[in-house]
Every structure is written in structure tokens, then in C-alpha cells.
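Structure, as C-alpha cells:
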Amino acid sequence: MCIRDRIKKEAYFATLEHSLRRQIAEEYRARFVEEVAALREAKEADQVALEGLCDSEIANVAQEVEELKAALAEKRTKQQHDQSVPVSYTHLRAHETPEHLVCRLLLE
């Protein structure tokens, strides 16, 4: 193969690679623009739906959210309590602080 042919071939592949990269970038950009437009439409639809709610409905929803948060916190506390594992006295002493003393009556 002649050096001119090799240079032409390399230039051809470089041009082809550049055009493919540009095409891929344009496709990703088009998809990104479509996704952003869809998100904006969804946001606008949500805003319209929220504007349609009256103040009492908003208050009811807020109250329901608070009730759900309280129920979730209670459930988490119960799950943590149910998952407690007994530990040794030595382990408790290892975590002892002046504020949280381990009972030493068991030693007497």
C-alpha cells in the first residue's frame, strides 16, 4: 500500500469517526431536549393540579402527610426494638459514658 493511500485511508477513517461522534452527540442532545420538555410539561401539569386544590384540601393533605410520617416513625421504632440483640455486660461497659452508666449491682 502506497503512503498516499494510507494517509487517505487514515483521513477517511478520522472523518468517519468525527461524523459518527457528531451524529451520536446530536442524537443524545435531541433525546435530552425531549426529556427536558417532558419534565417541564409534567411540572406544569402538577402546578395546575395544585392550583386547583382549595386551602382545605391542602390542609387535609398536609395533615395526612404528618399522620403518615408519625406512623412511619412509630413503625421504625418498633422494628428497631424488635431487632434488638442481647449483649454482654463487658460490651455495655465498653460503651459506658459518665452520662450513661452501666448498673454494677450485678457484681455484688
Side-chain angles (χ1 to χ4, degrees):
M1 176 183 288
C2 171
I3 192 156
R4 271 191 253 160
D5 292 340
R6 185 180 305 157
I7 292 172
K8 286 181 184 177
K9 191 176 185 180
E10 289 173 2
Y12 169 76
F13 284 123
T15 305
L16 181 64
E17 179 184 10
H18 178 71
S19 65
L20 286 174
R21 286 180 185 228
R22 187 178 52 202
Q23 182 181 3
I24 291 170
E26 288 173 0
E27 288 176 9
Y28 276 113
R29 184 183 177 283
R31 274 196 241 158
F32 176 75
V33 168
E34 289 174 6
E35 289 177 7
V36 168
L39 288 172
R40 284 183 179 153
E41 288 176 12
K43 181 181 176 184
E44 290 172 4
D46 288 345
Q47 286 176 344
V48 169
L50 284 175
E51 289 171 358
L53 294 174
C54 67
D55 291 337
S56 62
E57 290 174 328
I58 292 174
N60 288 341
V61 169
Q63 183 180 359
E64 288 179 21
V65 167
E66 291 302 320
E67 290 172 0
L68 288 173
K69 283 182 182 178
L72 181 61
E74 183 180 326
K75 183 177 179 182
R76 284 185 180 157
T77 304
K78 186 174 187 282
Q79 285 177 344
Q80 289 173 351
H81 180 67
D82 291 346
Q83 295 175 355
S84 40
V85 178
V87 294
S88 69
Y89 177 77
T90 306
H91 180 85
L92 291 176
R93 286 295 309 266
H95 293 280
E96 184 177 49
T97 64
E99 295 84 20
H100 300 96
L101 298 174
V102 176
C103 178
R104 294 188 180 94
L105 295 175
L106 299 173
L107 297 177
E108 295 178 3

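Going from atom CG of L16 over to atom CD of Q23 covers 10.0 Å, rounded to the nearest 0.5 Å. Between the CD atom of E67 and the CD atom of Q63 there is a distance of 5.0 Å, given to the nearest 0.5 Å.
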**OP:** Start with the C-alpha distance between R31 and E35, add both sets of side-chain angles, then the distance that settles salt bridge (charged side-chain N to carboxylate O under 4.0 Å, His left out), and finish with yes or no.
**Re:** CA-CA 6 Å; R31 274 196 241 158; E35 289 177 7; over 6 Å; no

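In this structure, R40 does not pair ionically with E44, as no charged nitrogen and carboxylate oxygen lie closer than 4.0 Å.
Under the 4.5 Å side-chain heavy-atom criterion for grouping Ile, Leu, Val, Met, Phe, Trp and Tyr, Y28 is not connected to V33 through any hydrophobic cluster.
For the pair R29 and F32, the cation does not sit on the ring face, since its NZ or CZ is not both under 6.0 Å from the ring centre and inside 45° of the axis.
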